[in-house]
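So the structure is just underneath, and the comments pick up after that.
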Amino acid sequence: MNNPNDSGSEGRQKLKLFHRDKVSFDNKLHNHSRVFHARMQRDVKRVASLIRRVSSGSAASHEVEDFGSEVVSGTNQGSGEYFVRIGVGSPPRSQYMVIDSGSDIVWVQCKPCTQCYQQTDPLFDPADSASFMGVSCSSAVCDQVENAGCNSGRCRYEVSYGDGSSTKGTIALETLTLGRTVVQNVAIGCGHMNQGMFVGAAGLLGLGGGSMSFVGQLSRERGNAFSYCLVSRATNSNGFLEFGSEAMPVGAAWIPLIRNPHSPSYYYVGLSGLGVGGMKVPISEDMFQLTELGDGGVVMDTGTAVTRFPTVAYEAFRDAFIDQTGNLPRAAGVSIFDTCYNLFGFLSVRVPTVSFYFSGGPILTLPANNFLIPVDDAGTFCFAFAPSPSGLSILGNIQQEGIQISVDGANEFVGFGPNVC
């Protein structure tokens with residue numbers, strides 16, 4: 001195969017998705033326990049920054065510095081879990097990019113680099129690209145950049161993530177190549193000052209709900225739609241990411257996409273309850289409601305690993321699971337998980353099903369790999385959910401793994417299935 005990112009059909013871009021643990025950026029990390037603890041530390045920071053952004057409603061409440069102000073995005077230091085390979089510039093230079101459904105700006109590290117972190121691919125050099133075009137401060141593109149600045153007539157951007165990692169630079173129009181498909185005049189950030197641990201990736205492909213995200217910029221031609229399948233850590237297969245209304249599958253279970261005007265970057269869904277062993281757990285549906293003030297609700301996020309529910313809902317859900325797993329030997333809690341089992345020596349175990357009851361009827365029943373996960377090499381498995389420090393619920397990528405998820409922004413629906421990866 002000549003191209004590792006062959007598109008599915010004419011006009012559709014189907015890209016392979018890689019989990020960060022499968023891309024050997026850092027061989028020191030290939031110890032299961034160490035990888036797990038590093039992932040959970042990233043996850044706690046991610047969730048804290050996401051909640052902070054949602055609760056503030058906008059970036060306006062942050063301190064304004066001499067240029068722009070802090071924009072707390074969905075991703076924070078090193079929390080990018082999934083990578084995609086994209087060609088940047090003309091001729092295209094292949095780069096690993098983190099995908100993030102919770103932020104909007106598309107950016108890559110650029111030469112000349114005042115401050116850059118280490119990445120796997122050579123740094124992108126705008127001077128080597130025939131299609132790179134700077135954006136002026138007075139352009140319509142610059143008007144859409146949150147907290148844009150101006151320097152020598154050039155439109156500048158600055159994004160600070162939850163833990164202090166950040167990217168700063170200039171906005172430009174550039175050509176991106178996805179598989180066999182070439183997309184021209186994409187507004188990207190060319191980052192000259194970047195810090196944080198994006199672990200080998202050259203930058204970030206924002207897939208959020210805002211106009212500056214890659215999906216938002218494609219919306220006129222592609223119908224503001226994308227579909228993805230996050231590869232399971234337990235397999236050697238690849239996931240995929242596909243853009244365009246043609247990528248919307250027949251046979252998916254569709255539920256309404258909910259927009260939060262206070263946080264337009266995030267994709268919300270309606271959740272009416274949780275199930276264990278085929279029985280709905282007694283939890284008030286109000287626990288998952290998005291309020292008019294923009295609080296609460298349920299966000300789907302590719303960058304958060306572990307699903308969070310408000311504490312009262314989480315405890316009822318967890319207790320129902322414990323009640324039905326009394327035959328399994330318990331283990332001490334590990335990291336953010338309080339419900340763990342010692343399954344060393346077990347060839348197989350029977351566990352109750354775990355389900356999400358969505359508003360409008362569809363029920364998503366998770367594979368066991370999506371809720372009981374290994375945390376070390378000694379046979380310890382944990383119930384992969386955690387309490388949320390706020391009223392916000394987050395459906396994380398461990399629970400999304402292996403299931404095709406489609407976001408049809410034009411028609412305001414989110415679909416689950418029918419395909420797997």
For the residue pair Glu174 / Ser131, report whether a side-chain donor-acceptor contact shorter than 3.5 Å exists. yes
Atom CG of Asn194 and atom SG of Cys113: how far apart are they, to the nearest 0.5 Å? 5.5 Å
Rounded at 0.5 Å granularity, tell me how far SG in Cys116 sits from CG in Leu123. 5.0 Å
With sequence neighbours excluded, tell me which residues meet side chain to side chain contact (heavy atoms under 4.5 Å, CB included) with Gln404. Ser227, Phe240, Pro249, Ser406, Pro418, Asn419
Minimum heavy-atom separation for Ala320 to Val281, with atom names? CB-CG2, 3.9 Å
Ser55 side-chain N/O to Ile51 backbone N/O, donor-acceptor pair under 3.5 Å: yes
Does the ring centre of Phe243 sit less than 6.0 Å away from the ring centre of Phe214? yes
Which residue pairs pass the side chain to side chain donor-acceptor pair (under 3.5 Å) test when at least one of the two sits in residues 285-298, sequence neighbours left out? none
In this structure, which one of Trp254, Phe358, Phe356, Tyr228 forms a ring-ring contact (aromatic ring centres under 6.0 Å, His included) with Phe416? Phe358
Measure from the side-chain N and O atoms of Ser335 to the backbone N and O of Phe337, and report whether any donor-acceptor pair falls under 3.5 Å. no
Just jot down the side chain to side chain contact (heavy atoms under 4.5 Å, CB included) partners of Ala202, sequence neighbours excluded, or say none. Gln95, Gln119
Would you please indicate yes or no on a ring centroid separation below 6.0 angstrom for Phe321 and Phe385? no
Applying ring-ring contact (aromatic ring centres under 6.0 Å, His included), name anything that partners Tyr314, two or more places apart in sequence or on another chain. none
Let me confirm one number: the CG-CG distance from Asn260 to Leu290, rounded to the nearest 0.5 Å. 4.5 Å
With sequence neighbours excluded, give me every disulfide (SG to SG under 2.5 Å) pair touching residues 388-421. Cys229-Cys421
Interatomic spacing from CZ in Phe83 to CD1 in Ile99 - rounded to 0.5 Å: 10.0 Å
For Gln144 and Ser211, the nearest pair of non-hydrogen atoms, with its separation, is OE1-OG, 2.9 Å
Test salt bridge (charged side-chain N to carboxylate O under 4.0 Å, His left out) applied to Arg154 - qualifying residues, sequence neighbours left out: none
Strictly distance-based, threshold 3.5 Å: is any side-chain N or O of Asn397 a donor or acceptor partner for the main-chain N or O of Leu230? no
Holding to side chain to side chain contact (heavy atoms under 4.5 Å, CB included), I want the full list of residues that pass it with Ser136, two or more places apart in sequence or in another chain. Ser138, Ser139
Once you find the SG atom in Cys382 and the one in Cys340, is the distance between them below 2.5 Å? yes
Does the side chain to side chain contact (heavy atoms under 4.5 Å, CB included) test come out yes or no for Tyr268 and Val299, once each step is laid out? CA-CA 4 Å; Tyr268 286 77; Val299 168; 3.4 Å; yes
I'd like to know if the side chain of Gln217 reaches the main chain of Ala187, judged simply by a donor and an acceptor atom lying under 3.5 Å from each other, with no hydrogens or angles considered. yes
Please give me the minimum heavy-atom distance between Thr365 and Ser355, naming the atom from each residue. OG1-OG, 2.9 Å
When you look at Val215 and Asn224, which way does the side chain to side chain contact (heavy atoms under 4.5 Å, CB included) test go after all the steps? CA-CA 6 Å; Val215 182; Asn224 201 358; 3.2 Å; yes
Are the charged groups of Arg308 and Asp301 less than 4.0 angstrom apart, N to O? no
Quick one: closest heavy-atom pair of Phe124 and Gly89, and the distance? CE1-CA, 4.1 Å
Which residues satisfy the side-chain hydrogen bond (donor to acceptor under 3.5 Å, both in side chains) test with Asp121, sequence neighbours excluded? Arg85
Least distance between heavy atoms, Tyr117 atom then Gly203 atom: OH-N, 3.9 Å
Determine yes or no for a side-chain-to-main-chain donor-acceptor pair under 3.5 angstrom, with His192 supplying the side chain and Pro112 the backbone. yes
Between Cys137 and Cys155, does a disulfide (SG to SG under 2.5 Å) hold up when you go through it step by step? CA-CA 4 Å; Cys137 304; Cys155 182; over 6 Å; no
Say whether, by atom type as modelled, one donor and one acceptor occur between the side chain of Tyr266 and the main chain of Gly208 under 3.5 angstrom. no
Results of side-chain hydrogen bond (donor to acceptor under 3.5 Å, both in side chains) for Asn238 - residues two or more places apart only: none
If you measure from CG on Leu205 to OG on Ser101, what distance do you get to the nearest 0.5 Å? 11.0 Å
Looking only at heavy atoms, the pair that brings Leu271 and Ser359 closest together is N-OG, 3.5 Å
Sequence neighbours excluded, the answer for ring-ring contact (aromatic ring centres under 6.0 Å, His included) partners of Tyr357 is none
Return yes if some donor-acceptor pair links the side-chain N/O of Ser265 with the main-chain N/O of Asp104 below 3.5 Å, else return no. no
I need the full list of salt bridge (charged side-chain N to carboxylate O under 4.0 Å, His left out) pairs touching residues 373-383, with sequence neighbours left out, sorted by first then second residue. none
Checking Ser393 now: which residues fulfil side chain to side chain contact (heavy atoms under 4.5 Å, CB included) with it, not counting sequence neighbours? Phe288, Val298, Phe309, Pro310
If you measure from CD1 on Ile336 to CG on Asp43, what distance do you get to the nearest 0.5 Å? 5.5 Å
